[in-house]
Amino acid sequence: EADIYQTPRYLVIGTGKKITLECSQTMGHDKMYWYQQDPGMELHLIHYSYGVNSTEKGDLSSESTVSRIRTEHFPLTLESARPSHTSQYLCASNANRESELSGNTIYFGEGSWLTVV
Amino acid sequence: KNQVEQSPQSLIILEGKNCTLQCNYTVSPFSNLRWYKQDTGRGPVSLTIMTFSENTKSNGRYTATLDADTKQSSLHITASQLSDSASYICVVSDRGSTLGRLYFGRGTQLTVWP
């Protein structure tokens with residue numbers, strides 16, 4: 001059972017509002033990720049982090065920002081939400097060691113469904 | 001271009017029957033291949049992870065195979081149950097970067113009918 005948690009699970013907000021999606025893991029993982037997934041489509045990496053004070057943009061351009069002040073916490077923020085941001089956001093983590101090359105498990109949170117109206 | 005293609009896009013089977021899902025990839029250099037199960041509205045859950053040297057791996061009623069030469073993988077589900085209804089996602093990782101880039105397929109949507 002994965003110890004990675006996302007809040008809120010579901011959120012409906014108005015255009016122009018600022019929102020923060022929370023992600024926490026209690027496994028001591030260094031690597032954390034944010035993915036965006038539209039219904040029936042593949043996951044797209046939008047942000048990742050190797051550890052505290054490390055943040056990088058992923059493959060899919062996103063207007064969101066992230067921070068990594070603590071190992072266990074990787075929040076994602078949208079300063080001004082728009083309807084085009086409506087999607088599911090998935091947080092994930094795994095251990096930062098060379099065993100990644102041999103396939104250590106990546107754990108996903110339950111996802112945050114964001115609807116911007 | 002690194003890609004992961006899954007087939008079929010969707011599949012309906014009767015409870016108790018077996019099924020096989022396919023995954024073809026062009027990711028290079030290859031590191032590992034994972035199969036995930038994603039229930040509707042939930043996050044993906046890992047089923048199997050296979051590296052270059054592994055040809056088959058089982059997890060209960062799930063058996064994954066890997067042919068690294070032809071760059072194909074399959075996920076076989078035995079004696080399907082209603083709870084197997086979900087999207088099954090094939091994920092391939094490369095070893096060309098420190099991050100170990102993940103390439104996701106779009107998934108096969110499996111529906112098991114009683």
Side-chain angles (χ1 to χ4, degrees), chain A residues 1-7 9-10 21 23 25 30-51 54-60 87-115, chain B residues 1-6 8-10 23 25 27 29-54 57 59 64 66 68 73 86-111:
Chain A
E1 198 70 26
D3 292 323
I4 180 165
Y5 309 100
Q6 291 185 238
T7 58
R9 287 293 316 280
Y10 304 95
L21 305 181
C23 176
Q25 50 92 10
D30 291 309
K31 287 183 179 178
M32 296 189 73
Y33 314 82
W34 276 103
Y35 289 89
Q36 185 174 341
Q37 183 183 31
D38 293 324
M41 303 297 286
E42 64 267 47
L43 281 73
H44 292 284
L45 181 67
I46 52 175
H47 298 283
Y48 61 95
S49 167
Y50 289 123
S54 156
T55 61
E56 302 287 344
K57 288 192 176 295
D59 307 318
L60 183 66
S87 189
Q88 182 186 27
Y89 294 85
L90 286 160
C91 181
S93 74
N94 70 317
N96 187 23
R97 57 181 188 268
E98 286 193 1
S99 62
E100 165 63 23
L101 297 177
S102 62
N104 63 336
T105 299
I106 295 175
Y107 296 93
F108 286 86
E110 293 285 13
S112 292
W113 285 93
L114 173 65
T115 301
Chain B
K1 182 180 178 183
N2 289 320
Q3 286 185 311
V4 177
E5 301 287 342
Q6 292 187 243
Q9 183 177 350
S10 62
C23 174
Y25 63 91
V27 177
F30 173 83
S31 176
N32 57 71
L33 184 146
R34 313 160 193 251
W35 282 95
Y36 279 85
K37 177 187 179 186
Q38 185 176 23
D39 293 316
T40 301
R42 310 290 292 272
V45 175
S46 179
L47 295 176
T48 64
I49 302 173
M50 301 178 70
T51 58
F52 185 88
S53 60
E54 296 175 298
K57 183 168 281 189
N59 177 4
L66 173 64
S73 175
S87 177
Y88 290 83
I89 304 171
C90 177
V91 186
V92 181
S93 178
D94 72 11
R95 52 182 171 85
S97 65
T98 304
L99 178 64
R101 279 282 306 275
L102 299 178
Y103 297 88
F104 289 81
R106 292 191 174 185
T108 292
Q109 184 65 46
L110 175 66
T111 303

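So you know, we letter chains A, B, ... as the sequences are listed, proteins then strands, and number each from 1.
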Original post:
Quick one: what part of L43(A) sits under 4.5 Å from any heavy atom of chain B, side chain, backbone, both or neither?
Top reply: both
Original post:
What part of Q37(A) gets closer than 4.5 Å to chain B, counting heavy atoms only: side chain, backbone, both or neither?
Top reply: side chain
**OP:** Grab the two heavy atoms, one from G43(B) and one from L90(A), that are nearest each other, plus how far apart they are.
**Re:** CA-CD2, 3.7 Å
**OP:** Kindly indicate whether the side chain of R42(B), heavy atoms from C-beta on, has any atom under 4.5 Å from the side chain of Q88(A).
**Re:** no
Name the region of [X], side chain, backbone, both or neither, that has any atom closer than 4.5 Å to a heavy atom of chain A.
| X | result |
| --- | --- |
| S87(B) | neither |
| Y36(B) | side chain |
| Q6(B) | neither |

To the nearest 0.5 Å, what is the distance between [atom1] on [X] and [atom2] on [Y]?
| X | Y | atom1 | atom2 | answer |
| --- | --- | --- | --- | --- |
| L45(A) | L102(B) | CG | CG | 8.0 Å |
| F104(B) | Y35(A) | CZ | OH | 4.0 Å |
| S46(B) | N94(A) | OG | CG | 11.0 Å |

**OP:** Apply side chain to side chain contact (heavy atoms under 4.5 Å, CB included) to E42(A) and V4(B), showing your working.
**Re:** CA-CA 10 Å; E42(A) 64 267 47; V4(B) 177; over 6 Å; no
